[in-house]
Trainee: 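So that we are looking at the same thing, I have put the structure below in structure tokens.
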Amino acid sequence: MRIIVCVKRVPDSESRIAKAKDGLSVDTQGVKFVLNPYDEYAVEEALKLKEAAGDGSVSVITLGGEESKETLRTALAMGVDEAVLLKGQPSVDGLGTAEKLAEAIKGREYDLVLFGKQAIDDDNLQVPAMVAELLGLPCATVVTELQVDGGAVTATREVEGGHEIVEFELPGLIAAQKGLNEPRYPSLKGIMQAKKKPLEEVDAGDAESRLEVVEVMNPPVRAAGQIVGEGADAVPELVRKLRDEAKVI
Amino acid sequence: MSVLAFAEQRGGALRSSAFETLTAGRELADALGVELIAVLLGPAGLAAETGKLGSYGADRVLTGFSDAFAEYAPESYTELVAKAAQEAGAKAVLFAASAQGKDLAPRAAARLKAGLASDVTEVRVADGRVVAVRPAYAGKVFMRVGFIGEPAMLSVRPRAYKAVEAPRDARVEELAVGGDVAGRTKVRAAEGEAKERPDVAEAEIVVSGGRGLGSPDNWKLLEELADALGSGAGLGASRAVVDAGWRPHGEQVGQTGKVVAPPLYFAFGISGAIQHLAGMQTAGCIVAVNKDPEAPIFKIADYGIVGDALEVLPRLIEEIKRPRS
Ligand SMILES: Cc1cc2nc3c(=O)[nH]c(=O)nc-3n(C[C@H](O)[C@H](O)[C@H](O)COP(=O)(O)OP(=O)(O)OC[C@H]3O[C@@H](n4cnc5c(N)ncnc54)[C@H](O)[C@@H]3O)c2cc1C
Ligand SMILES: Nc1ncnc2c1ncn2[C@@H]1O[C@H](COP(=O)(O)O)[C@@H](O)[C@H]1O
């Protein structure tokens with residue numbers, strides 16, 4: 001099994017994000033960056049598939065700046081064999097990024113391409129299905145369960161109120177949702193080994209954006225409301241307020 | 001020229017999000033001074049539903065019927081939507097930001113080489129161009145984005161638009177559906193999943209529980225409250241209880257779960273971690289019940305009760321069920 005995983009560097013989910021002074025971007029000062037949490041599931045799944053197959057390789061690719069090397073090293077420390085940095089800026093919408101990734105993937109050997117379902121910075125949920133379309137490959141997104149049996153893929157994907165089963169033959173793409181597995185932590189040994197693993201750099205250039213950010217806004221501040229009371233005795237007053245004041249029931 | 005709205009169906013029935021998409025599409029079509037075309041793909045039995053699409057503002061309905069479309073067929077859907085958009089000279093193409101819409105919209109955008117704005121809460125025309133508002137960083141900020149090039153591709157967040165009737169006698173035209181419609185990606189519904197409540201992302205009222213409820217058995221209280229609140233109420237959960245295996249992941253609200261914006265959100269025994277707040281802070285009205293008066297959830301709740309959720313819940317169920325005097 002030859003597997004490629006697309007990963008992205010994003011702000012930690014704990015970080016406080018607010019609009020920057022220019023009003024066109026977000027302030028990332030003091031923010032800690034991590035491997036996108038959904039991409040961790042993708043990396044873990046790739047490693048598990050390789051281990052189960054007993055042979056093959058796992059590579060990770062990212063489109064980003066110099067600082068994305070740190071993200072690639074995290075994946076290498078988890079056990080990935082090699083990493084590729086496509087140097088360039090991702091696009092605002094998903095398509096430009098997908099074009100750069102598809103171009104890079106096309107020139108490589110692979111059976112399966114794995115993604116996270118969503119990058120938790122832009123929250124686009126676009127790149128995996130776009131890469132599938134650009135490469136003309138079958139694909140399942142938001143996958144919570146995956147079986148690969150020879151060349152046959154059976155994926156369970158999350159839909160409203162339940163699941164769908166998606167089946168296709170390799171080569172193909174999968175975008176990982178939480179629940180797929182429990183990502184491993186990089187071991188100390190893994191971290192040491194990561195330093196010696198190949199990290200290829202390619203000048204990919206900036207991706208084309210077909211959207212432009214016109215304004216970044218902070219969400220409306222929610223003022224703290226009122227404590228209606230304590231314990232079950234406060235319930236009648238709460239229900240009255242929901243009915244007569246807020247008019248929501 | 002036109003605006004296209006993809007009318008989503010599942011299992012041979014139109015989904016409520018189809019009407020929300022049409023409403024957003026109608027507004028946009030009016031602002032651009034063009035017609036609104038609904039695209040309906042599904043099994044042949046759906047022919048009876050086309051009138052409803054006219055009721056919600058479609059000037060024309062393009063239908064593509066096939067038995068293979070009882071379930072989502074990604075490749076064929078992409079092909080048909082992209083072709084319809086090209087032939088109709090679409091200035092914008094709208095989808096619901098549903099499980100299906102979030103899979104289909106990027107495929108269609110890649111086919112059309114057009115920019116896609118996901119999960120938009122608002123779309124309008126400013127200085128002749130389509131501009132949309134969408135959350136990013138799990139709703140920690142909102143972005144106003146303008147499209148470079150056409151068509152503007154959009155997926156509209158569930159419940160951001162309230163479906164409004166705008167009746168028209170829609171002309172119905174058939175799309176030519178090709179021979180091999182099944183494609184390489186085969187999709188079927190998972191078995192044995194009887195769905196009775198709306199999904200948390202689409203519910204009008206969300207009743208959420210956290211670790212403070214103590215055990216998964218206590219969810220029967222949340223279910224009872226949701227039942228008492230009516231068929232629009234759905235269940236939500238914090239990550240702590242999803243990770244503990246008490247609730248399915250599909251119910252998780254927050255940064256790595258679903259972002260929801262219902263008119264009413266209940267949080268029982270949820271502390272209000274930043275990742276949870278990111279997923280629900282744009283709800284209309286937030287009610288929190290927590291033992292700890294210092295719990296961060298109270299900082300954003302409209303109404304709070306300090307107390308044991310297990311004592312508050314039975315009383316609340318009783319009070320909601322009681323006929324109004
Ligand atoms: C990368 C990442 C992503 C994350 N994504 C999400 C996400 O999407 N969604 C999410 O929810 N979390 C997410 N989290 C986890 C988040 O940080 C919190 O750990 C989680 O939200 C806590 O869940 P909780 O409020 O149920 O539990 P706790 O924090 O343990 O809170 C339980 C609360 O219940 C109260 N309580 C206890 N007993 C009672 C009682 N009898 N009656 C009433 N109240 C009671 C307590 O006072 C407390 O406030 C994420 C974390 C990380 C690191
Ligand atoms: N710049 C990037 N480089 C590599 N992979 C990416 C990049 N952006 C997005 N991806 C992949 O696409 C997934 C979905 O991202 P998005 O469509 O931006 O929400 C991510 O989880 C990654 O797997």
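Each chain gets a letter, A, B and so on, in the order the sequences are listed, and its residues count up from 1.
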Trainee: With a 4.5 angstrom heavy-atom cut-off, which part of B/Val287 approaches chain A: side chain, backbone, both or neither?
Mentor: side chain
Trainee: Measure from the side-chain N and O atoms of A/Glu133 to the backbone N and O of B/Ala108, and report whether any donor-acceptor pair falls under 3.5 Å.
Mentor: no
Trainee: Begin with the C-alpha distance, continue with both residues' side-chain angles, and end with the deciding distance and a verdict on side-chain contact (heavy atoms from CB on, under 4.5 Å) for B/Thr256 and A/Gln118.
Mentor: CA-CA 9 Å; B/Thr256 46; A/Gln118 168 179 9; over 6 Å; no
Trainee: Picking from A/Val239, A/Val235, A/Asp93, A/Val221, which has the most non-hydrogen pairs under 4.5 angstrom with chain B?
Mentor: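 Among A/Val239, A/Val235, A/Asp93, A/Val221, the one with the most close pairs to chain B is A/Val235.
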Trainee: Between chain A and each of B/Glu75, B/Glu251, B/Arg111, count heavy-atom pairs under 4.5 Å; write down the option with the most.
Mentor: B/Arg111
Trainee: Which heavy atom in B/Phe298 sits nearest to a heavy atom in A/Ala224, and how many Å separate them?
Mentor: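 The pair with the smallest heavy-atom distance is O-CB, 3.9 Å.
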Trainee: What residue, out of A/Val213, A/Leu137, A/Thr144, has the most heavy-atom pairs lying under 4.5 Å from chain B?
Mentor: A/Val213
Trainee: Measuring heavy-atom distances to chain A, does B/Asp103 have an atom under 4.5 Å in its side chain, in its backbone, in both, or in neither?
Mentor: both
Trainee: Quick check on B/Ala132 against chain A: is it the side chain, the backbone, both or neither that has a heavy atom closer than 4.5 Å?
Mentor: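 No part of B/Ala132 comes within 4.5 Å of chain A.
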Trainee: Please report the C-alpha distance between A/Val216 and B/Phe142 in whole Å, then the side-chain angles of each, then the deciding distance to 0.1 Å, and finally whether the side-chain contact (heavy atoms from CB on, under 4.5 Å) criterion is met.
Mentor: CA-CA 6 Å; A/Val216 172; B/Phe142 280 75; over 6 Å; no
Trainee: Given heavy-atom pairs under 4.5 angstrom as the criterion, report whether the side chain, backbone, both or neither of B/Thr78 touches chain A.
Mentor: side chain
Trainee: With a 3.5 Å distance limit and no angle check, can you tell me whether B/Lys113 reaches the backbone of A/Leu95 through a side-chain donor-acceptor pair?
Mentor: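 Here the side-chain-to-backbone pair does not exist.
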Trainee: What pair of heavy atoms forms the shortest contact from B/Val141 to A/Lys19, and how long is it?
Mentor: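 Here B/Val141 and A/Lys19 meet closest at CG1-N, 4.0 Å.
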Trainee: Can you tell if the side chain of B/Pro198 reaches within under 4.5 Å of the side chain of A/Glu160, non-hydrogen atoms only?
Mentor: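 A side-chain contact under 4.5 Å is absent here.
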Trainee: If we define contacts as heavy-atom pairs under 4.5 Å, which of B/Ala117, B/Gly307, B/Ala201, B/Ala110 has the most with chain A?
Mentor: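 Most pairs with chain A among the choices: B/Ala110.
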Trainee: Given heavy-atom pairs under 4.5 angstrom as the criterion, report whether the side chain, backbone, both or neither of B/Val133 touches chain A.
Mentor: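 Contact with chain A is through the side chain of B/Val133 alone.
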Trainee: Between B/Leu116 and chain A, with a heavy-atom cut-off of 4.5 Å, which part of the residue counts as in contact: side chain, backbone, both or neither?
Mentor: both
Trainee: Output a table of donor-acceptor pairs, distance under 3.5 Å, between side-chain atoms of residues 277-285 of chain B and any protein atom two or more places apart or on a different chain; print 'none' if there are none.
Mentor:
from	atom 1	to	atom 2	distance (Å)
B/Gln281	NE2	B/Gly139	O	3.2

Trainee: Taking side chain as C-beta onward, heavy atoms only, is B/Arg129 less than 4.5 Å from A/Val214?
Mentor: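 SC-SC contact between B/Arg129 and A/Val214 confirmed.
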Trainee: Is A/Gln177 in contact with chain B via its backbone, its side chain, both, or neither, using a 4.5 Å heavy-atom distance?
Mentor: side chain
Trainee: Between B/Glu191 and chain A, which part of the residue has a heavy atom less than 4.5 Å away: side chain, backbone, both or neither?
Mentor: neither
Trainee: If you measure from the Lys or Arg side-chain nitrogens to the Asp or Glu carboxylate oxygens, is any gap between A/Glu164 and B/Arg10 under 4.0 Å?
Mentor: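 Not counted as a salt bridge, because no side-chain N and carboxylate O are separated by less than 4.0 Å.
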Trainee: Listing request: all side-chain hydrogen bond (donor to acceptor under 3.5 Å, both in side chains) pairs with a residue in residues 283-299 of chain B, at least two apart in sequence or in separate chains.
Mentor: none
Trainee: Mind checking which of residues 168-175 of chain A sit less than 4.5 Å from chain B, heavy atom to heavy atom?
Mentor: A/Phe168
Trainee: Counting heavy-atom pairs closer than 4.5 Å to chain A, which one of B/Asp119, B/Ile300, B/Val200 comes out on top?
Mentor: B/Ile300
Trainee: Can you check whether anything in residues 241-249 of chain A gets within less than 4.5 Å of chain B, heavy-atom wise, and list it by number?
Mentor: A/Lys241, A/Leu242, A/Arg243, A/Asp244, A/Glu245, A/Ala246, A/Val248, A/Ile249
Trainee: Given heavy-atom pairs under 4.5 angstrom as the criterion, report whether the side chain, backbone, both or neither of B/Leu264 touches chain A.
Mentor: side chain
Trainee: Indicate yes or no for a side-chain donor-acceptor contact from A/Arg157 to the backbone of B/Ala99 under 3.5 Å, with no hydrogens or angles considered.
Mentor: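 Indeed, once roles are kept as given, a pair shorter than 3.5 Å links the two residues.
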Trainee: Using every non-hydrogen atom in the two residues, find where B/Ile274 and A/Ser15 come nearest and quote the distance to one decimal.
Mentor: CD1-O, 3.9 Å
Trainee: Return yes when atom CD of A/Glu67 has more than 12 non-hydrogen atoms of other residues, nucleotides or ligands closer than 6.0 Å, and no otherwise.
Mentor: yes
Trainee: Is it the side chain or the backbone of A/Ile120 that comes within 4.5 Å of chain B heavy atoms, both, or neither?
Mentor: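 A/Ile120 touches chain B through backbone and side-chain heavy atoms alike.
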Trainee: Would you mind telling me which of A/Glu182, A/Gln226, A/Glu230 has the largest number of heavy-atom pairs within less than 4.5 Å of chain B?
Mentor: A/Gln226
Trainee: Would you compute the distance between atom CD of B/Glu319 and atom CD of A/Glu237 and round it to the nearest 0.5 angstrom?
Mentor: 10.5 Å
Trainee: Name the region of B/Ile305, side chain, backbone, both or neither, that has any atom closer than 4.5 Å to a heavy atom of chain A.
Mentor: both
Trainee: Which residue out of B/Gly183, B/Ala136, B/Gly146, B/Gly257 racks up the most heavy-atom pairs below 4.5 Å with chain A?
Mentor: B/Gly146
Trainee: Is A/Glu99 close to chain B through its backbone or its side chain, or both, or neither, when contacts mean heavy atoms under 4.5 Å?
Mentor: side chain
Trainee: What residue, out of A/Ala98, A/Cys139, A/Ser91, A/Ala132, has the most heavy-atom pairs lying under 4.5 Å from chain B?
Mentor: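 Ranked by contacts with chain B, first place is A/Cys139.
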Trainee: Using heavy-atom distances under 4.5 Å, tell me whether B/Ala301 contacts chain A through its side chain, its backbone, both, or neither.
Mentor: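 When you check distances to chain A, only backbone atoms of B/Ala301 fall under 4.5 Å.
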Trainee: With respect to chain A, which residue among B/Met143, B/Arg322, B/Gln275, B/Glu318 yields the maximal number of heavy-atom pairs within a distance under 4.5 Å?
Mentor: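 The residue among B/Met143, B/Arg322, B/Gln275, B/Glu318 with the greatest pair count is B/Gln275.
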Trainee: Can you say whether B/Leu104 sits under 4.5 Å from chain A via the side chain, the backbone, both, or neither, judging by heavy atoms?
Mentor: neither
Trainee: With a 4.5 angstrom heavy-atom cut-off, could you sort out which part of A/Val142 is near chain B: side chain, backbone, both or neither?
Mentor: neither
Trainee: Distance only, no hydrogens: is a donor on one side chain within 3.5 Å (strictly under) of an acceptor on the other, for B/Gln252 and A/Lys178?
Mentor: yes
Trainee: Side chain from CB out, backbone as N, CA, C, O: work out which of these in A/Pro128 comes under 4.5 Å of a heavy atom of chain B, or both, or neither.
Mentor: neither
Trainee: Looking at A/Asp123, is its backbone amide N or carbonyl O close enough to the side chain of B/Arg134 to form a donor-acceptor pair, meaning the two atoms are under 3.5 Å apart?
Mentor: yes
Trainee: Please flag which part of B/Asp302 lies under 4.5 Å from any non-hydrogen atom of chain A: side chain, backbone, both or neither.
Mentor: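 Backbone plus side chain of B/Asp302, per the 4.5 Å heavy-atom cut-off to chain A.
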Trainee: Taking side chain as everything from C-beta outward and backbone as N, CA, C, O, which of these in A/Ala18 sits under 4.5 Å from a heavy atom of chain B? Side chain, backbone, both or neither.
Mentor: backbone
Trainee: Pick whichever of B/His249, B/Arg184, B/Lys102, B/Met153 has the most heavy-atom pairs under 4.5 Å with chain A.
Mentor: B/His249
Trainee: For B/Ser118 versus A/Gln126, what's the shortest heavy-atom pair and its separation?
Mentor: OG-NE2, 2.8 Å
Trainee: Return the NZ to OG1 distance between B/Lys186 and A/Thr154, rounded to the nearest 0.5 Å.
Mentor: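 Result: 12.5 Å between the selected atoms.
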Trainee: Under a 4.5 Å heavy-atom cutoff, which of A/Leu24, A/Asn218, A/Asp122, A/Val10 has the most pairs with chain B?
Mentor: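 Heavy-atom pair counts peak at A/Asp122.
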